[in-house]
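Encoded as structure tokens, the structure appears first; notes follow it.
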Amino acid sequence: MRTTLIFLATFLLTWPIFSQEEAAYSAFAKANQAYTNENYEIAIAGYEQVLNTGLHSADVYFNLANAHYKLNQVGPAIYNYEKALELDPENEDIKSNLAFANRMKIDAIESLPQDNLSGSLQDTIKSLSVDEWAYFSVIAALFTILFIVLYIYAGTTSKKRLFFILFILTGILFLSTAAAAFYSSEYLDKKQFAIVYIEEFTTRNEPKNSAGTSFVIHEGTKVEVLEEFNDWAHIKLANGSKAWMPLEDLKKL
């Protein structure tokens, strides 16, 4: 009797989750069929239905972006390709389609020059999440401690030399991965990016419509949101230019 009650309680708790997942898979399949039939608006509605269930995946965002791309909706296309890339950063198909979508936008903004070493270092840090860097840091720390212990109890000079070298190497690896985790957590993960969702807007020098104008920005441009004030966003472009624009004209990544 007790086992039956436990089973029923477990079923009642997990049934809504299974039901939600089943609805999401069904909506995803129907959206894919609509996309195949070139009914892109129906496909978009289906993919958004999946996202509304709380089940997010790179495939859903990628397909949703493709549907928007087919309708020449540059802002939503770029936004969803970016979301897909966040979940699957090494996917070449996503990178390729995002590049095509970026060619649709009007603004061609050159990034600030960056030395090769700094750029390569940031790319390496971005290749893994904070949790992944932290995981490797813990593993490196454990090996460092292990080699210290082995060094202390080694019976020969040659073994001591070997374990000392391994201790130095794993110690460097520990410090490097810990620094990468800290940098990713404190700097990269705290940056807030957004995609411009309005066709065209003349940015302002201050967070109000009566302020002086700065530069014109167009749909699909990726910006960094530096701060928010009274429904305005202080944005920064890849070339370093800064200005204010309404938050409602942006969609945060």
Side-chain angles (χ1 to χ4, degrees), residues 35 38-45 47-48 51-52 56 58 60-89 91-114 119 122-123 126 187-253:
Y35 182 91
E38 300 184 2
N39 295 322
Y40 301 120
E41 291 183 354
I42 296 176
I44 288 170
Y47 295 131
E48 289 180 343
L51 295 176
N52 288 336
H56 297 203
V60 177
Y61 281 115
F62 181 65
N63 290 1
L64 178 56
N66 287 337
H68 281 297
Y69 182 85
K70 291 291 186 179
L71 295 176
N72 294 316
Q73 297 170 345
V74 58
I78 291 175
Y79 172 84
N80 287 290
Y81 282 134
E82 290 279 2
K83 293 294 289 184
L85 200 59
E86 285 181 358
L87 297 175
D88 191 0
N91 191 304
E92 294 300 326
D93 288 334
I94 298 173
K95 291 180 182 179
S96 176
N97 283 24
L98 176 58
F100 280 116
N102 276 320
R103 294 191 189 111
M104 294 169 60
K105 66 184 183 182
I106 295 175
D107 297 329
I109 301 168
E110 296 290 334
S111 298
L112 288 172
Q114 192 177 48
Q122 282 205 16
D123 289 341
K126 289 178 182 177
Y187 298 99
L188 298 183
D189 275 11
K190 287 188 177 180
K191 287 188 175 183
Q192 176 67 68
F193 292 95
I195 302 298
V196 176
Y197 256 55
I198 189 173
E199 186 175 348
E200 180 180 287
F201 182 79
T202 302
T203 57
R204 302 290 193 266
N205 295 327
E206 298 178 60
K208 54 185 178 181
N209 285 315
S210 59
T213 60
S214 187
F215 51 81
V216 178
I217 199 167
H218 297 88
E219 183 183 8
T221 300
K222 185 178 181 179
V223 302
E224 181 182 352
V225 179
L226 301 175
E227 61 176 308
E228 299 175 17
F229 179 77
N230 287 347
D231 297 327
W232 286 75
H234 192 202
I235 63 167
K236 179 182 178 182
L237 304 184
N239 61 9
S241 299
K242 299 177 183 179
W244 290 86
M245 68 179 297
L247 270 169
E248 64 181 3
D249 295 333
L250 296 169
K251 189 163 185 179
K252 295 179 183 178
L253 290 166

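Counting begins at 1 with the first residue of the sequence.
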So which atom in [X] and which in [Y] form the shortest heavy-atom distance, rounded to 0.1 Å?
X    : Y    : answer
V225 : A194 : CG2-CB, 4.0 Å
A211 : N205 : CB-N, 4.4 Å
G220 : K105 : O-CD, 3.8 Å
A58  : D88  : CB-CB, 3.8 Å
I195 : G75  : CG2-O, 3.8 Å

Distance, nearest 0.5 Å, that separates CG of D93 from CG of L98: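 The CG atom of L98 is 12.5 Å from CG of D93, to the nearest 0.5 Å.
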Interatomic distance, Y35 atom OH to N39 atom CG [nearest 0.5 angstrom]: 12.0 Å
Centroid-centroid distance, H56 to Y61, less than 6.0 Å: yes
Between F100 and Y69, ring centroids under 6.0 Å: no
Chi angles and distances behind the side-chain contact (heavy atoms from CB on, under 4.5 Å) call for Q73, I44: CA-CA 11 Å; Q73 297 170 345; I44 288 170; 3.9 Å; yes
Contact check, side chains of L64 and L51, non-hydrogen atoms, under 4.5 Å: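 A side-chain contact exists here, since the closest heavy-atom pair is under 4.5 Å.
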I235 side chain near L226 side chain, heavy-atom distance below 4.5 Å: no
Heavy-atom count check: over 12 atoms from other residues, nucleotides or ligands less than 6.0 Å from [X] [atom1]?
X    : atom1 : value
E199 : CD    : no
E227 : CD    : yes
F215 : CZ    : yes

Donor-acceptor under 3.5 Å (N91 side chain, I94 main chain): yes
Side-chain donor/acceptor of R204 to backbone N/O of G212, under 3.5 Å: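 A pair under 3.5 Å: no.
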For E82, salt bridge (charged side-chain N to carboxylate O under 4.0 Å, His left out) partners two or more places apart: K222
Donor-acceptor pairs are to be reported for all side-chain atoms of residues 241-253 against protein atoms at under 3.5 Å, with residues two or more places apart or in another chain.
residue	atom	partner	partner atom	Å
S241	OG	N239	OD1	3.0
K252	NZ	E228	OE2	2.2

